[in-house]
Amino acid sequence: MTSTKPSSGAQTKPAENAPAAALHVGTSDPRTLILNNLRQSGIFVALVVIVALFAFLTDGLSLSPGNITNIVLQYSYILVLAIGMVIVIIGGHIDLSVGSVVALTGAVSAVVVIRQGQPWWVGVLAAVAVGLAVGAWHGFWVAYVGIPAFIVTLAGMLLFRGLTLRVLDNISLSPFPAEYNKIAAGFLNGLMGGAGYDAFTLLIGAIAVAGYVVSCFRTRVARIRYQQPVESFALFVARMALVGAVVMWFAWQLANARGLPIVLIILAALVLVYGLLTRRTVFGRQVYAIGGNLSAAMLSGVKVKTVNFWIFVNMGFLSAVAGIIFSSRSNGAQPAAGNMFELDAIAAAFIGGAAVTGGVGTVVGAMVGGLIMAVMSNGMQLMGVDQSLQSVVKGLVLLVAVAFDVYNKRRAGATR
């Protein structure tokens, strides 16, 4: 009599296939994907909606090649500050002094280059050195003395604004030499020719798309290897195609304006470096651990004081970079430079998905949050909206972003 009992191989085969089958359960539904990643997906949806809205309200002027280039030039220093600010916020801190540090570093660079006649690169190095010193000053008081970052950086905001006035003797200095001015106002154009457009800009865009696709594919393979859920392959391909189309459209707009802005290359390099720093290094994981659960991080052996110190040193460095870019863009240094920059950087981080309590946030999210602020500001300027109303709109958007974060936490707690 033949036994009806399945063989051991028949029993284990479904078990072996079960994880692979489970990888794609529910992941081909876009709505499910959006809801499961509401914090991050929401800001991308918001960016698309805001871009489309202002394109409609300005009859397409906001998406013209010249205006796209202007957005990159006008808001690049805010995006640089947002990179550092999101790391500070992830670590559970805040920095209110970055606007004053931008002013001070720009002032030091102007004194060295304009007043003392030193080469432009000496001014850049001097500004970076001052930014690092400021970051070390803040890091010492926060990490080793134990004063809350809010108080330390509030004091720094006043201290370094006063030093800026002293360094400049309360007057503006200008202009910078052409080499310094090119940092924020220069373009790479004509390196590879092009009939009415810059072919080199399109090549850089294509390389960026290729790098993004390869990175996402490797991440997908790794997630599958560790039996983590991923979206269906069709949705994966659609996402790659959509991102590629947006990047190439952006590159085409730049190519038809003035070419590839040098400041965009600086910003892209910073995003790549800090994206890897936060996601792939021990330091990055320790920052998330400190912001997420300080007690657990200390018990896990994280050197909290050292990490906090370097968080603020890094913020000082990026404030110096932003100060160099802003002074280059302004072609001079002014005592009132950097006013309210800290609030724009903080808003970019929170709108981009950073949590008020720390432990959550990404560099890419901060960039998207900064772009949302930039597109709104630029669009309202094109429409001739009064400055007071622009401030009202920005304040409401920031409030909604924080309320969205609170809603996400309550929603996550209710589903446990």
Side-chain angles (χ1 to χ4, degrees), residues 23 27 33-34 36-44 47 79-93 95 207-231 236 239-240 243-244 247 265-294 296-297 300-304 306-315 317-318 321 345-346 348-371 405 408 412:
L23 289 174
T27 58
L33 287 170
I34 292 175
N36 289 344
N37 300 276
L38 192 58
R39 183 191 296 271
Q40 289 301 320
S41 60
I43 58 173
F44 289 102
L47 177 61
L79 297 179
V80 171
L81 290 175
I83 295 173
M85 189 62 72
V86 75
I87 296 174
V88 171
I89 291 172
I90 290 170
H93 307 290
D95 193 334
I207 292 174
V209 171
Y212 176 76
V213 171
V214 170
S215 176
C216 288
F217 185 78
R218 291 180 62 183
T219 301
R220 178 184 175 86
V221 170
R223 289 176 67 89
I224 292 175
R225 183 182 300 121
Y226 289 101
Q227 300 183 356
Q228 297 176 352
V230 296
E231 74 250 71
F236 174 78
R239 178 161 63 91
M240 296 300 99
V243 171
V247 172
I265 299 175
I266 298 173
L267 181 60
L270 290 174
V271 170
L272 288 174
V273 169
Y274 281 95
L276 292 174
L277 178 71
T278 54
R279 293 185 292 111
R280 302 291 177 86
T281 67
V282 173
F283 176 79
R285 290 192 292 269
Q286 289 177 339
V287 172
Y288 279 98
I290 291 172
N293 191 322
L294 178 59
S300 300
V302 175
K303 297 180 179 179
V304 175
T306 302
V307 174
N308 281 334
F309 176 80
W310 286 107
I311 286 174
F312 283 95
V313 171
N314 176 70
M315 185 72 255
F317 166 72
L318 289 175
V321 174
I346 292 169
F350 283 137
I351 292 172
V356 179
T357 53
V360 177
T362 63
V363 170
V364 173
M367 293 299 95
V368 176
L371 287 174
D405 174 59
N408 270 338

Hey, does [Y] have a side-chain heavy atom less than 4.5 Å from the side chain of [X]?
{"X": "Trp310", "Y": "Val287", "result": "no"}
{"X": "Met85", "Y": "Asp95", "result": "yes"}
{"X": "Tyr212", "Y": "Val247", "result": "no"}

* Only counting residues at least two apart or in another chain, list the ones meeting salt bridge (charged side-chain N to carboxylate O under 4.0 Å, His left out) with Arg285. =>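 With sequence neighbours excluded, Arg285 shows a salt bridge (charged side-chain N to carboxylate O under 4.0 Å, His left out) to no residue whatsoever.
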Nearest 0.5 Å please: distance from the [atom1] atom of [X] over to the [atom2] atom of [Y].
{"X": "Ile351", "Y": "Ile346", "atom1": "CD1", "atom2": "CD1", "answer": "11.5 Å"}
{"X": "Met367", "Y": "Leu47", "atom1": "CE", "atom2": "CG", "answer": "12.5 Å"}
{"X": "Leu371", "Y": "Phe44", "atom1": "CG", "atom2": "CZ", "answer": "10.0 Å"}
{"X": "Ile83", "Y": "Leu267", "atom1": "CD1", "atom2": "CG", "answer": "5.5 Å"}
{"X": "Phe283", "Y": "Ile311", "atom1": "CZ", "atom2": "CD1", "answer": "5.0 Å"}
{"X": "Leu318", "Y": "Leu79", "atom1": "CG", "atom2": "CG", "answer": "12.0 Å"}

* Asked: Of all heavy-atom pairs between Ala349 and Ile89, which one has the smallest distance, and what is that distance?
  ->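 Distance-wise, the nearest heavy atoms are CB-CD1, 3.6 Å.
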* If every non-hydrogen atom of Ala82 is compared with every non-hydrogen atom of Ala366, which pair is closest and at what distance? ->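 So the two residues come closest at O-CB, 3.9 Å.
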* To do: Carefully, step by step, assess Leu81 and Met315 under the rule side-chain contact (heavy atoms from CB on, under 4.5 Å).
  => CA-CA 8 Å; Leu81 290 175; Met315 185 72 255; 4.2 Å; yes
* Asked: Who pairs with Phe309 by ring-ring contact (aromatic ring centres under 6.0 Å, His included), at least two apart in sequence or on another chain?
  -> Tyr144
Donor-acceptor list for residues 271-280 side chains, cut-off 3.5 Å, not counting sequence neighbours:
residue : atom : partner : partner atom : Å
Tyr274  : OH   : Asn314  : OD1          : 2.4
Thr278  : OG1  : Tyr274  : O            : 2.9
Thr278  : OG1  : Gly275  : O            : 3.2
Arg279  : NE   : Gly275  : O            : 3.3

* Quick one: does Ser300's side chain have a donor or acceptor within less than 3.5 Å of a partner on Ala296's backbone? ->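 Yes, Ser300 side chain to Ala296 backbone: donor-acceptor pair under 3.5 Å.
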* **More than 12 heavy atoms from other groups under 6.0 Å of CZ on Phe217** =>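 Atom CZ in Phe217 is not crowded, with 12 or fewer foreign heavy atoms closer than 6.0 Å.
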